[in-house]
2 protein chains.
Amino acid sequence: MSKRQNHREEVFVKILDAAEVEFGLKGYNGASLQHIAERAGLPKPNIIYYFQSKANLYKQVLDQTLMGWNDLFDKATLEDDPAVVLDSFIRVKLKQSFEKGGASRLFAMEVISGALHIGDYLKEELRPWFSSRVELLQAWMDAGKMRQCDPASVIYMIWATTQHYADFEAQVLALSGIESLGDEDLQRIGDTVSSIILAGCGLTLPAKD
Amino acid sequence: MSKRQNHREEVFVKILDAAEVEFGLKGYNGASLQHIAERAGLPKPNIIYYFQSKANLYKQVLDQTLMGWNDLFDKATLEDDPAVVLDSFIRVKLKQSFEKGGASRLFAMEVISGALHIGDYLKEELRPWFSSRVELLQAWMDAGKMRQCDPASVIYMIWATTQHYADFEAQVLALSGIESLGDEDLQRIGDTVSSIILAGCGLTLPAKD
DNA sequence: GTCTATAAGCTGATAGAC
DNA sequence: GTCTATCAGCTTATAGAC
């Protein structure tokens, strides 16, 4: 690993970080290479030198964003306790929403705009994951472990609610009149969301020792 | 009301409708007057003639979009049954999400981008409404009519979940593998979301006669 | 009131000096 | 590898004929 390569790596990351913020704030069309370059502290043509085109830069930012989003609910099986799994899923997603707001907004912008650049990801990666999780929820319901309801709606509900604090951060802050959400907010919101969804699905967390 | 004025009115509405769709699809920067004009079936300069500038047209579309969004939960008081009010609120918001997807996406885009054009609306109109509804929920909880939890999170949860089907329509369709959501879907989703949130808040709908 | 022609500026991308 | 200068194209907005 030469010094040269280290520097290349640094510039790559610097551009990707700046691009994530700009694309997340303004969408693909609204973000300009000019502003991304300024945010990264580099001249504009360097962006093109490293990433060839705006479309390719956007794709790379998206790829980085989509990796490892649902790494927890993933491994659950029929034997697991749905209350524990869903509570954990909600809290992890909520924490990600607080910590990686830029990535969440970028993804939201892309989907709202028609998901033109991530059609393959949705169909080939997310859809199989989603189908298997719908089946797991249905199996839990059939086994009498949770109340019968539409499993897909349950997943959408968790996604929508947890992402809301990142995607609609501007609205949440304006309505609460504070400048940023802290750890206490994360805790309070997590407790409320988890308790409502669990109780709504007829679930109870096992008592802690 | 002369024929001239009727025609002016028609053109106004035609442009506003076209602008709502374009802004909703591509955001403020992504939408061009060219495409709005084409969608409205008019030459480009007419847009400027009627609306002076792109920024002003955007503002007018937003104003039109923001009117009468929460016209139901609005009138509820401590005496009302929270189960009936929240069930109705959820179903109305969900129906609006299905029917006015473009407006919902436009608003979502604006908030994700930092809510720069609607800061006044959020602080001077939506915030007082939000505060009064948080107080009402808290009063219901204190009166023992519903379970104690964070009232703001309950409202965010209803907003986020119902808007999800409009804002993330592309993802919902890709994951379910269908081409559009129908009335049966609206019914099923409404039943699920309403039952989870009501049960989660310790509420039960009164039996129908 | 409506449209053609065009101005003035920003966009993504390239060429070429260093 | 890095940056200055610049291209061609599209953007919003305007001027002026009809």
For A:F12, all residues meeting ring pair (Phe, Tyr, Trp, His ring centres under 6.0 Å), sequence neighbours excluded: A:Y50, A:F51
Separation of atom [atom1] in [X] from atom [atom2] in [N], rounded to whole Å:
X     : N      : atom1 : atom2 : result
B:L42 : C:dG1  : CG    : P     : 14 Å
B:Y49 : D:dA15 : OH    : P     : 15 Å
B:L57 : D:dT11 : CG    : C1'   : 15 Å
B:Y58 : D:dT12 : OH    : C1'   : 17 Å
B:N46 : C:dA5  : CG    : P     : 15 Å
A:I15 : D:dC3  : CD1   : P     : 11 Å
A:K14 : D:dT2  : NZ    : C1'   : 13 Å
A:E38 : C:dC10 : CD    : P     : 12 Å

Side-chain donor-acceptor pair present, A:S195, B:R147, cut-off under 3.5 Å: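 Yes, because at least one side-chain N or O of A:S195 sits under 3.5 Å from a partner of the opposite role on B:R147.
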Residues A:H164 and A:T161: side-chain donor-acceptor under 3.5 angstrom: no
B:F107 vs B:F23, ring-ring contact (aromatic ring centres under 6.0 Å, His included): CA-CA, chis, key distance, verdict: CA-CA 9 Å; B:F107 181 76; B:F23 283 131; over 10 Å; no
Nucleotides 11-18 of chain C: protein proximity per nucleotide (B base, S sugar-phosphate only, - neither; heavy atom, under 4.0 Å): SBBB----
OP1 or OP2 of C:dT2 under 4.0 Å from side-chain N/O of B:Y50: yes
Sole residue of B:L86, B:I90, B:V92 in side chain to side chain contact (heavy atoms under 4.5 Å, CB included) with B:S88: B:V92
Evaluation steps, ring-ring contact (aromatic ring centres under 6.0 Å, His included), between B:Y156 and A:Y165: CA-CA 9 Å; B:Y156 289 144; A:Y165 294 89; 5.7 Å; yes
